[in-house]
Trainee: 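Below is one structure. I have some questions about it.
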Amino acid sequence: MTESTTLKKKDFQSDQIVRWCPGCGDYAILSAIQSVMPDLGVAKENIVFVSGIGCSSRFPYYMDTFGFHTIHGRAPALATGVKLANPDLSVWMITGDGDGLSIGGNHLIHILRRNVDINILLFNNKVYGLTKGQYSPTSDQGMKTKSSPDGSLEYPINPIRIALASEASFVARTYDTNIKHMNETFKAAAEHKGTSFVEILQNCVIFNKDIFNEVYDKDVRQDHMIHLEDGEPLVFGSEKKQGVFFDGVSMVTRALEEENSPAGLMVHDSRKHAPFYPNLLASMEFPQFPVPVGVFKRVERPTYESMLCKQIDVAKQKKGTPTLDSLFQAGETWNIV
Amino acid sequence: MTESTTLKKKDFQSDQIVRWCPGCGDYAILSAIQSVMPDLGVAKENIVFVSGIGCSSRFPYYMDTFGFHTIHGRAPALATGVKLANPDLSVWMITGDGDGLSIGGNHLIHILRRNVDINILLFNNKVYGLTKGQYSPTSDQGMKTKSSPDGSLEYPINPIRIALASEASFVARTYDTNIKHMNETFKAAAEHKGTSFVEILQNCVIFNKDIFNEVYDKDVRQDHMIHLEDGEPLVFGSEKKQGVFFDGVSMVTRALEEENSPAGLMVHDSRKHAPFYPNLLASMEFPQFPVPVGVFKRVERPTYESMLCKQIDVAKQKKGTPTLDSLFQAGETWNIV
Amino acid sequence: MTKTIDRTVLENAIIRFCGDSGDGMQLTGSQFTTTSANLGNDIATFPDFPAEIRAPAGTVPGVSGFQIHFSSRDIHTPGDQPSVLVAMNPAALKANLSDLEQGGLLIVNTDAFSKVNLKKAEYESNPLEDGSVERFRVIRIPITELTHRAVAETGLAKKEADRCKNFFALGIVYYLFDRDMNLTLEWIEKKFKKRADIAAANRLSLIAGYNYADTTEIFTTSYSVPAAALPKGKYRSITGNQAIAMGFVAASKLSDRTLFYGSYPITPASDVLHELAALRHFGVKTFQAEDEIAAVCAAIGASFAGCLALTGTSGPGICLKSEAINLAIMTELPLVILNVQRAGPSTGMPTKTEQSDLLQAMYGRNGDSPLVVMAPATPSECFHYGIEAFRIATKFMVPVILLSDGFLANGAEPWAIPSSDSLPTFNVQNIAAHAPYQPFERDPETLARGWAVPGTAGLEHRIGGLEKADITGNVSYDPINHEKMTYYRAEKVARVAHDIPQLEVYGDQDADTLVVGWGSTYGSLLTAINALNSNGKSVAGAHFRYLNPFPVNTEAVLRQYKRVIVAEINTGQLDFMIKGKYNIATTPFQCVQGKPLYVSDLDKFIRLHL
Amino acid sequence: MTKTIDRTVLENAIIRFCGDSGDGMQLTGSQFTTTSANLGNDIATFPDFPAEIRAPAGTVPGVSGFQIHFSSRDIHTPGDQPSVLVAMNPAALKANLSDLEQGGLLIVNTDAFSKVNLKKAEYESNPLEDGSVERFRVIRIPITELTHRAVAETGLAKKEADRCKNFFALGIVYYLFDRDMNLTLEWIEKKFKKRADIAAANRLSLIAGYNYADTTEIFTTSYSVPAAALPKGKYRSITGNQAIAMGFVAASKLSDRTLFYGSYPITPASDVLHELAALRHFGVKTFQAEDEIAAVCAAIGASFAGCLALTGTSGPGICLKSEAINLAIMTELPLVILNVQRAGPSTGMPTKTEQSDLLQAMYGRNGDSPLVVMAPATPSECFHYGIEAFRIATKFMVPVILLSDGFLANGAEPWAIPSSDSLPTFNVQNIAAHAPYQPFERDPETLARGWAVPGTAGLEHRIGGLEKADITGNVSYDPINHEKMTYYRAEKVARVAHDIPQLEVYGDQDADTLVVGWGSTYGSLLTAINALNSNGKSVAGAHFRYLNPFPVNTEAVLRQYKRVIVAEINTGQLDFMIKGKYNIATTPFQCVQGKPLYVSDLDKFIRLHL
Ligand SMILES: Cc1ncc(C[n+]2csc(CCOP(=O)(O)OP(=O)(O)O)c2C)c(N)n1
Ligand SMILES: Cc1ncc(C[n+]2csc(CCOP(=O)(O)OP(=O)(O)O)c2C)c(N)n1
Ligand code: SF4
Ligand code: SF4
Ligand SMILES: [Mg+2]
Ligand SMILES: [Mg+2]
């Protein structure tokens, strides 16, 4: 019915009014996804967006594809069911830092290690938006909110590190103020066979306004972020004069000397050196380090659904086309005559 | 009533018959714990064992302390409640690879990042014992069980890596056939202020018999394990002729040259270099690498319960001893006369 | 403020302020409430929050409302239909107009009825011009423009000046109901201490609104609602969520035990977490868990360790807690579970009220798993049940589910502040060490086992979710023992009936018809029955605050009447329980619209069945 | 095997084999079962697993048992009390002796009654000597020693030789009941193909046992139980777990849809996962999830994507699934939820049976959340309900809870193997694209919405747990719409009543007393009522397989009788539902001991109430 090649961004916009707060970072992410969609070459009817609960999780309503706004934290399990049922679908999962790392943390771990071919976008605004502003698992320790008037006591987790420990085969980070970077990252995620995990730094203008500005604001971005590019050295700073070095058992940043490729300067390669290297990268946290964005890791590993289908094929080959009668009569039987 | 200093191992043995299968690794772990207990200098009545569900989780019944055999996967949350309610208690949590990493994985992450001062022992037998032998999150891919007759499709997770990604402040590994190593590890865990996470390699003789033999069997142990000791280089092998080297972005093992401290040979330090170094260690997996056992990481960080108590103290200081009447009358009031 | 004018004296009035989420309607409403309460009116209020955090300005989903019922007699509900509706924009008009009573007063901000705004509200034509508002007395005021003019002297930017228009509207309504503005003026000074320009603008705007109403004589009539004859004393306005939080803290103080609250944010229960988190100086330990399961499990752990342990959530969260609640039942530990119900099933309508989790509270767990269920009837009663729930939980070593709902949680009414001396104390004893200590020994009267708290030498013991042997508490698979323990658990809950007040009948006791309800519908039922009685209609009422066990006299009361009407906001849950338990034929009245029962609907229905 | 002897012909007999977990009692029992079935007996069996994986040898918790009821008439239960008990050690004797019928035959392995073993079994004195077994006919055999001697020639080590003693015991019982050993001998050859020595030892042991019984003439009488007049055809023995798994696969084949099973291991439901995981060649997709929540959610996802979606667990797992089940109710997706009930509450007694999750199935979710509830009555009926559950779920787009239990799950009976041609087909249609497609359009008859499966162009749509607007399916907070949708959800389930069989009455239809039950108690009830009728006592029975909705004629049937006895293994859950729904006074019969109802108890109770 729909010819995927002729699809436009607006074909992916549903008729629902978008209801996020004015200025919310979610708008930019929605727009980026809608504009990436036509490039995937997948017909609309073969695309499914699954989400949990949270501001971010209203996302499926705004996509003119199949969509399922499920329950809090359970999107990974639901999306797994969709994909296992029909491996031909392109399945996208939307979650938040609360939905995906608080109530849903366990499902996230398990979908990642299973490597179901689903693209996961985790909108990290470091706060519970929908329930009006309590701290989340990524909130900074000490954050004052209605549920932590004296400051949160909890040490935050880093979504990328959790994804890597969960043996994710594709791990990336992007941010809501850079449409181009989002587009590239989402496309890379879509291309990857297996679970793709993408953390998106997202601005909640109501409850955690501009929390990422110290990292990604235009003025500081060059000094406080590193854009990872395969084959490129880890250099940053407005004049690319700073580099990331490995000093034996940890990492340091220092100014580049005159030489072109000083010893110990790391060169990015998202496809190699797992598990060691992506973990090193993931441990770079602001303000000690610039924040890496881009693809941390991508490795090929058979997807869960492909292995499942293979088991079915092999079983069918081995046992022939089975009939119910053969099933019923398996095992010991006797006749009453 | 009980004088902690005069306690003996047998004081910690309850009157219940131990009901694990003959030959189960759990017996040795129980014995190790019972013999370590008197050394802690804690009175019996101040010790609480909390567990989930599984063979391993029957543990509390066999300890003559306070004990709570809870529900599947939820021990971390329950233990957190116990400790927050009464920070003076010495709280121990027992879990399995299914209980702790399958259904209970999320609670595990969150107790670790919160750093509640609890000692967690995860009995990893790479199988569901109590429900008779299905694969678990640590089972090898391809494992054939009743629920995976054609082989499990799931990629295993490494408990140590999950613990580190969860920002655990103390992470260690030990194994059921080495009482001395268990004793030392449990003592180190008990001494640590904050959540201590200990993975114990445990033999399930019924459903996953001798799965760790290729690692810890007497014959191969020296070649297939590394015993981590602070200040000692990472060398292994029957003649200590092999070492672990860092080669820039990953790790390798190779034979030691003649020199005493060859370049790149790693020296263990559980207290430094977090988060980079413990992660490197944790990524050493058999058979590419010898399996590290001992303390991977220990860092000091305020415990959740100490911060909570401090908030209470500060609030009391600031607001004086509050009365119910002051609470009732807070905010806008009016009089009807 | 000087001219004296004639006013129509009303017994009561219902006003609803509505506008965009950003228009400050909750603030306007609460200012009017405070002022009226100080004048001695009885009041009841109910906010209507939008489901979205901040839906696009000007759209229907972004509308926020606040209804106030104030009276010179005692009242029990925020009222069915407003007699005065203040609508700040077309979307607000659209969402609220159908509620305004026939002939009611409609005050609209005409400036907001631009083409763009009409479109955002999905109006095809302007309702102010197409006859849609004909049935009402419409007062059209260009509030935005008048506000701008009023605050011009402060030099505020347009956007900030705009924000003052709610005070202009409030000024109009203050004039209309003859309210003194001083309290609000004081509040403005205090609130904007650090922004003198904004304080000035709001002050100017409020006064301008008042004066505009006064000088232009846009109102053909104006009103006064005299003070009510409320009992003497000190009052404050209180919502159910605030009251219940204070009740829990009171329980903690009275029993001298630490209050532990394990919770995970969820509408409409989150505010209880917020209230309690601010009470660290009372030693309250709040724990925002990673999910509802962890929240209840942490509470059970805290109970084991000797705290007054509480967990709170709304319906979907109760689903998640159900397995652990059973653990508390099995281990016979005290635990209070607060369910601030919302419209279901599933995610349902999170911001709307409903009473549809009663059967879940009763039966939503595997196995025969009895526990105590209570439901406060008014916002201020929530305070009492916060204490009562812990009294019962600790006395009987049993979990107690407290059923509040969105209406109680956010609805407000005056609360006669009790003196702490007047509160009952209750003693909660840890058992002392004794030999041989047996974890499942029971008190012969209550059947409660002892609370053996870690830290007490000699009481070391093990409990868990497996069936326990009577007395010793060892794991047991013995058939007869299981039956015995099953009946102990049931009987223990049944005996609570002797520890709670009997079911009271109000209204015309000798009537043929009894109307029963439970929980938050009390205000509506009481109002409807009183009114019927005043109109010479004979009908009685009885209200359940204790749902499990029912009060001991329940069957006797019900059997006294020829007809028992069971009114509730669900498809018949209490109704089912009454029939299932007592085999009494009933007449159900149900309304499942995510809102409180309307007195007018009850009135109509009851008349039909007299 | 040659000597012909006189035998007492019995109509039926009940044997229980019991011993240590390591003694192979389950195997012994199933061999006896197969042989008897082949002889044409009707059979019913029930294993009694120990709770521990392998509790210390010789202790009571480590005892494993297997009971076989075999008969020349048709039978419906594994029997209350064994008439023959084979006890391989003191612990087994201790755990089972009280069940042996007065004067029953007790065969004991005297070799196992050593001091050490007596102590492990916590016997103070030797029960074989202290008068404990006086009431029975005791046959004392040194089975261990005799086995050792019999297998000596194979040269097996002591430990392996020991393992053969169950076959010795089986040989004795084969002699006692005149069973042919050939089937077992064949089985031994096949099973131990790769270990000729073990095959030989087991063979020798079996034959030695038989010959020992024959030659020593230890039995004063021996018995025969002739073939039953069962309908002709091919049979196999089947447990409820096996049957239900086959039913689900049949549903998949019949409807030509992939079966998706999301589950997390839990006793006693795990075997359904094991059964289905072995059926990859039927295209079955099993998914062992990380917990029960993920299991049900994956199933809901699979349902959305067009599979026959199934999730299965036991009581505690249902607690965890309840939030997601509500999502399926709200989104109106077909889903089958299997609950293999066990004794609760909480972890309870995982290996014991109970019927106490009925009210949880009905009401264990927030909000008004109706779904369909069914309960098969026998192990082989499980097959039919595996199909039926999916037929209803897909036709009405509704979740169906299937209530099995530990007794059905592990109990076995002969199953007349159906021909696949005889099975009904059912058509399940995805809706086709049409414009405008509206996700919540309904079939006027069933009220089902269409199943709009991803992959179908033109049907792109969004669903979720928030309340939906009628027809369009857009998110809606409209009060009237919510009420409408609430009643749609209820009415849809109510209409299922027209699609299911009526409630049938069996036994003496004209009696004054009707005994009703549900699910797995059918065999006991039928047996008790038949026996009473045969004894001239007038009583009728009716059995519920459909619990929600009830069959349309339910009220009419119930009102025909003066007295309605409601029998169930819980504290009165069906009883409550009948009263709550129909206001009919009932007489409850309850037994909550983690085991099937005993015919003898029923008989006694019913007689008392005739
Ligand atoms: C079972 C359950 N518990 C709690 C909630 C309430 N709830 C909805 S969203 C949310 C957190 C959302 O935070 P996040 O995932 O970070 O999303 P955001 O709103 O920030 O995009 C919570 C606690 C719920 N809907 N269901
Ligand atoms: C809610 C719930 N789901 C499932 C179970 C069944 N169950 C009990 S223990 C267990 C897994 C145990 O595995 P593990 O934690 O590795 O412990 P082990 O027995 O191997 O020591 C499962 C699935 C349960 N008791 N409760
Ligand atoms: S609350 Fe925050 S995250 Fe939610 S819509 Fe508003 S700005 Fe976005
Ligand atoms: S099943 Fe395995 S883990 Fe469980 S008790 Fe037996 S040997 Fe130990
Ligand atoms: Mg967030
Ligand atoms: Mg295990």
Trainee: Heavy-atom pairs under 4.5 Å with chain C are the metric here; pick the option from B/G73, B/S14, B/A330 that has the most.
Mentor: B/A330
Trainee: Given heavy-atom pairs under 4.5 angstrom as the criterion, report whether the side chain, backbone, both or neither of B/S51 touches chain C.
Mentor: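 The answer is neither part of B/S51.
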Trainee: Taking side chain as everything from C-beta outward and backbone as N, CA, C, O, which of these in C/N326 sits under 4.5 Å from a heavy atom of chain B? Side chain, backbone, both or neither.
Mentor: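 Nothing of C/N326, per the 4.5 Å heavy-atom cut-off to chain B.
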Trainee: Would you say C/T33 and B/E332 make side-chain contact, with heavy atoms under 4.5 Å?
Mentor: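 No; the side chains remain at least 4.5 Å from each other.
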Trainee: Which residue out of B/G320, B/A77, B/G67, B/A315 racks up the most heavy-atom pairs below 4.5 Å with chain C?
Mentor: B/G67
Trainee: What verdict does the side-chain contact (heavy atoms from CB on, under 4.5 Å) test give for B/H107 and C/E290, after you've listed the backbone C-alpha separation in whole Å, the side-chain angles of each residue and the deciding distance to 0.1 Å?
Mentor: CA-CA 7 Å; B/H107 306 303; C/E290 58 272 27; 2.9 Å; yes
Trainee: Shortest non-hydrogen contact from C/L466 to B/Y61?
Mentor: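 Smallest heavy-atom distance, with atoms named: CD1-OH, 4.1 Å.
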Trainee: To the closest 0.5 Å, what do you measure between CG (C/L254) and CG (B/L324)?
Mentor: 6.0 Å
Trainee: Please check this pair: side chain of B/D325 against backbone of C/S420, looking for a donor-acceptor N/O pair closer than 3.5 Å.
Mentor: yes
Trainee: Of the non-hydrogen atoms in B/A85 and C/C307, which two are nearest, and what is the gap between them?
Mentor: CB-SG, 3.5 Å
Trainee: Among C/S419, C/G233, C/A294, C/G306, which residue forms the greatest number of heavy-atom pairs with chain B at distances under 4.5 Å?
Mentor: C/G233
Trainee: By a 4.5 Å heavy-atom criterion (distance strictly below it), what part of C/I238 contacts chain B: side chain, backbone, both, or neither?
Mentor: neither
Trainee: Would you say that C/V296 contacts B/R74 through its side chain, given a criterion of any heavy-atom pair below 4.5 Å between the two side chains?
Mentor: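 Not in contact.
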Trainee: Measure the spacing between CD1 of B/I71 and CD of C/E323 and express it to the nearest 0.5 Å.
Mentor: 4.0 Å
Trainee: Examine whether an atom of C/A250 lies under 4.5 Å from a heavy atom of chain B, and if so say whether it belongs to the side chain, the backbone or both; otherwise answer neither.
Mentor: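 Its backbone and side chain both get close to chain B.
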Trainee: Check the surroundings of atom NZ in B/K9: do more than 12 heavy atoms from other residues, nucleotides or ligands lie under 6.0 Å from it?
Mentor: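 Yes, enclosed.
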Trainee: Side chain, backbone, both or neither: which part of B/Q317 has a heavy atom under 4.5 Å from chain C?
Mentor: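 Contact with chain C is absent: no heavy atom of B/Q317 under 4.5 Å.
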Trainee: Under 4.5 Å heavy-atom distance to chain B, tell me which part of C/L39 shows up: side chain, backbone, both or neither.
Mentor: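 Neither the backbone nor the side chain of C/L39 comes within 4.5 Å of chain B.
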Trainee: So do B/N335 and C/Y235 actually touch side chain to side chain, heavy atoms under 4.5 Å?
Mentor: no
Trainee: Between B/L89 and C/P454, what is the shortest heavy-atom contact and its length?
Mentor: CD1-CB, 3.8 Å
Trainee: Report yes if the side chains of B/T80 and C/F287 come closer than 4.5 Å at any heavy-atom pair, otherwise no.
Mentor: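 When only atoms from C-beta onward are counted, C/F287 and B/T80 do touch, with a gap below 4.5 Å.
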Trainee: Would you say the side-chain atoms of B/K44 pair up with the backbone N or O of C/E460, donor to acceptor, closer than 3.5 Å?
Mentor: no
Trainee: Just give me the residue among C/N474, C/T34, C/V249, C/I300 that pairs up with chain B most often, heavy atom to heavy atom, under 4.5 Å.
Mentor: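 Heavy-atom pairs under 4.5 Å are most numerous for C/N474.
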Trainee: Can you tell which of C/A289, C/A305, C/A452, C/A302 has the highest number of heavy-atom pairs within less than 4.5 Å of chain B?
Mentor: C/A302
Trainee: Just verifying a value: how many Å separate B/T323 OG1 and C/F282 CZ, rounded to the nearest 0.5 Å?
Mentor: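 The OG1 atom of B/T323 sits 6.0 Å away from the CZ atom of C/F282.
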Trainee: If you count heavy-atom pairs under 4.5 Å between each of B/V82, B/L78, B/I47 and chain C, which one has the most?
Mentor: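 Option with the greatest count: B/L78.
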Trainee: At a heavy-atom separation under 4.5 Å, does C/P418 approach chain B through its side chain, its backbone, both, or neither?
Mentor: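 Interface part for C/P418: both.
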Trainee: Can you tell which of B/N86, B/I109, B/T70, B/D313 has the highest number of heavy-atom pairs within less than 4.5 Å of chain C?
Mentor: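 Looking at each option in turn, the highest pair count goes to B/T70.
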Trainee: Mind checking whether C/L459 and B/E45 have side chains closer than 4.5 Å, heavy atoms only?
Mentor: no
Trainee: Can you tell me which of C/G465, C/G464, C/G455, C/A295 forms the most heavy-atom pairs within a distance under 4.5 Å of chain B?
Mentor: C/G455
Trainee: Side chain, backbone, both or neither: which part of C/A324 has a heavy atom under 4.5 Å from chain B?
Mentor: both
Trainee: Contact part of C/A278 toward chain B, heavy-atom cut-off under 4.5 Å: side chain, backbone, both or neither?
Mentor: backbone
Trainee: Side chain, backbone, both or neither: which part of C/I417 has a non-hydrogen atom closer than 4.5 Å to chain B?
Mentor: side chain
Trainee: Should C/R280 and B/L308 count as side-chain neighbours, where that means a heavy-atom distance under 4.5 Å?
Mentor: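 A side-chain contact under 4.5 Å exists here.
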Trainee: Using side-chain contact (heavy atoms from CB on, under 4.5 Å), reason through B/L327 and C/M246 one step at a time and then give a plain yes or no.
Mentor: CA-CA 8 Å; B/L327 172 66; C/M246 283 197 279; 3.9 Å; yes
Trainee: Which residue out of C/G262, C/A229, C/S237 racks up the most heavy-atom pairs below 4.5 Å with chain B?
Mentor: C/S237
Trainee: Go through it in stages, so that I can follow the logic: the residues are B/V48 and C/F304, the test is side-chain contact (heavy atoms from CB on, under 4.5 Å), and I'd like the CA-CA distance, side-chain angles, deciding distance and then a yes or no.
Mentor: CA-CA 10 Å; B/V48 183; C/F304 180 62; 3.9 Å; yes
Trainee: Contact between B/I312 and C/H281 at the side-chain level, heavy atoms closer than 4.5 Å - yes or no?
Mentor: no
Trainee: State, yes or no, whether a side-chain contact exists between B/F68 and C/L327 at a heavy-atom distance under 4.5 Å.
Mentor: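 Yes - at least one pair of side-chain heavy atoms lies under 4.5 Å apart.
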Trainee: Which answer fits C/F260, side chain, backbone, both or neither, if we ask what part of it has an atom under 4.5 Å from a heavy atom of chain B?
Mentor: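 For C/F260, the contact with chain B is made by the side chain alone.
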Trainee: Chain C heavy atoms under 4.5 Å from B/Y304: which part of the residue, side chain, backbone, both or neither?
Mentor: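 For B/Y304, the contact with chain C is made by the side chain alone.
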Trainee: Heavy-atom pairs under 4.5 Å with chain C: which of B/R114, B/H72, B/M63 has the most?
Mentor: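 Most pairs with chain C among the choices: B/R114.
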Trainee: Between C/R462 and B/T65 (side chain of the first, backbone of the second, donor and acceptor by atom type, cut-off under 3.5 Å), is there such a pair?
Mentor: yes
Trainee: Side chain, backbone, both or neither: which part of B/R58 has a non-hydrogen atom closer than 4.5 Å to chain C?
Mentor: side chain
Trainee: If you count heavy-atom pairs under 4.5 Å with chain B, which of C/L230, C/T258, C/T456 comes out on top?
Mentor: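 Most heavy-atom pairs within the cutoff with chain B belong to C/T456.
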Trainee: Do you know the tightest heavy-atom contact between B/W334 and C/N38?
Mentor: CB-OD1, 3.0 Å
Trainee: If you look at every heavy atom in C/G283 and B/K316, which pair is closest and at what distance?
Mentor: N-CE, 4.2 Å
Trainee: Would you compute the distance between atom NZ of C/K234 and atom CZ of B/F328 and round it to the nearest 0.5 angstrom?
Mentor: 13.0 Å
